[in-house]
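Each ligand, and each atom within it, is numbered from 1 in the order the structure gives.
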Amino acid sequence: MTGKVYLVGAGPGDPGLITVKGLKLIQQADVVLYDRLIPMELLAETRIGAECIDVGKLPTKHRLSQDEINRLLIEHAQQNKLVVRLKGGDPFVFGRGGEEALACHAAGIPFEVVPGISSAIAVPAYAGIPVTHRQITSAFTVFTGHEDPTKPESSIDYAALAAAARLGTLVLLMGVSHLQDITTRLLAEGIPPETPAISIEWGTTPQQRTVEGTLATLPEKVQSAGLQAPALTVIGEVVNLRAMGLAWFG
Ligand code: SAH
């Protein structure tokens, strides 16, 4: 008999932002393998006797390799367990959930995906910024500033991002330490320097901090404020809505 692996999105930080389905699975799980960015309050929902394993990765130091995590998921499921793989935000948005699902598939382990509320939309919302707004935007684009370091050269197409910025909002994940490089490239591709921009650290939690500026001024402000991961950056006219009365949180 084999158990099952559930790839569950834990939401962006506020523990109330997990789905009903995800919470029920945490309460039933035999084992929970969790990441660094999940709301830790959720672990208190596990039943007595459930095993909770921290497989979180620090930005500089990988506690467990992806292969080791995949192997743990499979080994626990092979012991007929209900395995919850709890990941920050949504498992399929820069969460390597696809890799883990493929590993389960290759090992013949049944799995389900329970989507989560991604930080990409929820963190701007808690800062008072709708990622789309009628008449201002017709798209929003989520991109990463932290690529797989084994890639031979950057595959980020900054010209395409500048074109996307003409349609709407850009949301940058995992880019706070490379913010200066990234904004310099976006400016070089023609995004106006006065475009409103904001970085949000630990969004949706009581520690939420924001630094606001323009595409040209933001990196220096973020650096002097000492913002660090987890943080994301929103670039576009929608940032102005925050000052127009939408900054509801905190
Ligand atoms: N799967 C996750 C994203 C994982 S990548 C999701 O859907 O949200 C991790 C990045 O997400 C961080 O580097 C940061 O850019 C962003 N992030 C996650 N939680 C955040 C939070 N509470 N506040 C700000 N940014 C956050």
Side-chain angles (χ1 to χ4, degrees), residues 6-19 21-22 33-42 54-64 66 69 84-101 113-129 131 140-149 156 161 169-183 197-212 218-219 221-223 225-235 239 242 247-250:
Y6 293 85
L7 299 167
V8 177
D14 177 341
L17 292 180
I18 189 165
T19 61
K21 188 169 184 175
L33 293 96
Y34 64 94
D35 277 346
R36 189 176 66 97
L37 284 183
I38 64 141
M40 293 301 160
E41 295 91 332
L42 292 176
D54 178 4
V55 296
K57 306 178 196 91
L58 299 169
T60 47
K61 175 174 165 284
H62 283 219
R63 220 169 289 176
L64 283 182
Q66 190 60 50
I69 294 172
V84 166
R85 174 68 175 107
L86 193 58
K87 303 170 87 73
D90 180 87
F92 279 4
V93 177
F94 297 125
R96 306 187 79 162
E99 293 170 47
E100 295 175 7
V113 182
V114 181
I117 297 182
S118 179
S119 64
I121 53 169
V123 169
Y126 269 57
I129 299 160
V131 289
F140 70 96
T141 304
V142 181
F143 71 108
T144 176
H146 176 83
E147 296 185 304
D148 182 346
I156 298 177
L161 286 172
T169 310
L170 299 183
V171 181
L172 165 64
L173 264 56
M174 292 180 283
V176 73
S177 56
H178 300 122
L179 195 59
Q180 183 74 70
D181 290 345
I182 293 164
T183 56
I198 187 171
S199 290
I200 307 151
E201 177 190 72
W202 285 113
T204 81
T205 77
Q207 293 86 47
Q208 175 170 310
R209 281 206 296 163
T210 57
V211 174
E212 247 184 288
L218 190 68
K221 290 184 171 186
V222 162
Q223 206 183 10
L227 253 56
Q228 285 181 356
L232 62 71
T233 299
V234 185
I235 300 162
V239 172
R242 178 180 155 78
W248 61 275
F249 179 69

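Between Leu172 and Thr144, the shortest heavy-atom distance links the atoms CD1-C, 3.9 Å. Across all their heavy atoms, Val176 and Ala229 have their closest contact at CG1-N, 3.6 Å. Scanning both residues, Pro12 and Ser119, for their nearest heavy atoms gives CB-CA, 3.9 Å.
Using a 4.0 Å cut-off between a side-chain N of Lys or Arg and a carboxylate O of Asp or Glu, Asp54 and Arg36 do not qualify as a salt bridge.
The closest donor-acceptor contact from the side chain of Thr19 to the backbone of Gly22 lies under 3.5 Å.
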Can you give the donor-acceptor pairs under 3.5 Å from side chains of residues 198-205 to other protein atoms, not counting sequence neighbours?
| unit_1 | atom_1 | unit_2 | atom_2 | d |
| --- | --- | --- | --- | --- |
| Ser199 | OG | Thr233 | OG1 | 2.8 |
| Glu201 | OE1 | Arg209 | NE | 2.8 |
| Glu201 | OE1 | Arg209 | NH2 | 3.2 |
| Glu201 | OE2 | Arg209 | NH2 | 3.4 |
| Glu201 | OE2 | Gln228 | N | 2.8 |
| Thr204 | OG1 | Asp14 | N | 2.9 |
| Thr205 | OG1 | Trp202 | O | 2.7 |
| Thr205 | OG1 | Gln207 | N | 3.1 |
| Thr205 | OG1 | Gln207 | OE1 | 3.3 |

Between ligand 1 and the protein, find all N/O pairs closer than 3.5 Å and give the distance for each.
| unit_1 | atom_1 | unit_2 | atom_2 | d |
| --- | --- | --- | --- | --- |
| ligand 1 | 1 (N) | Gly88 | O | 3.0 |
| ligand 1 | 1 (N) | Asp90 | O | 2.8 |
| ligand 1 | 1 (N) | Val93 | O | 2.7 |
| ligand 1 | 7 (O) | Asp90 | N | 2.9 |
| ligand 1 | 7 (O) | Ser118 | OG | 2.8 |
| ligand 1 | 8 (O) | Ser119 | N | 2.8 |
| ligand 1 | 8 (O) | Ser119 | OG | 2.7 |
| ligand 1 | 15 (O) | Met174 | N | 2.8 |
| ligand 1 | 15 (O) | Ala231 | O | 2.7 |
| ligand 1 | 17 (N) | Ser119 | OG | 3.3 |
| ligand 1 | 22 (N) | Pro12 | O | 3.0 |
| ligand 1 | 22 (N) | Gly203 | N | 3.4 |
| ligand 1 | 22 (N) | Gly203 | O | 3.0 |
| ligand 1 | 23 (N) | Gly203 | N | 2.8 |

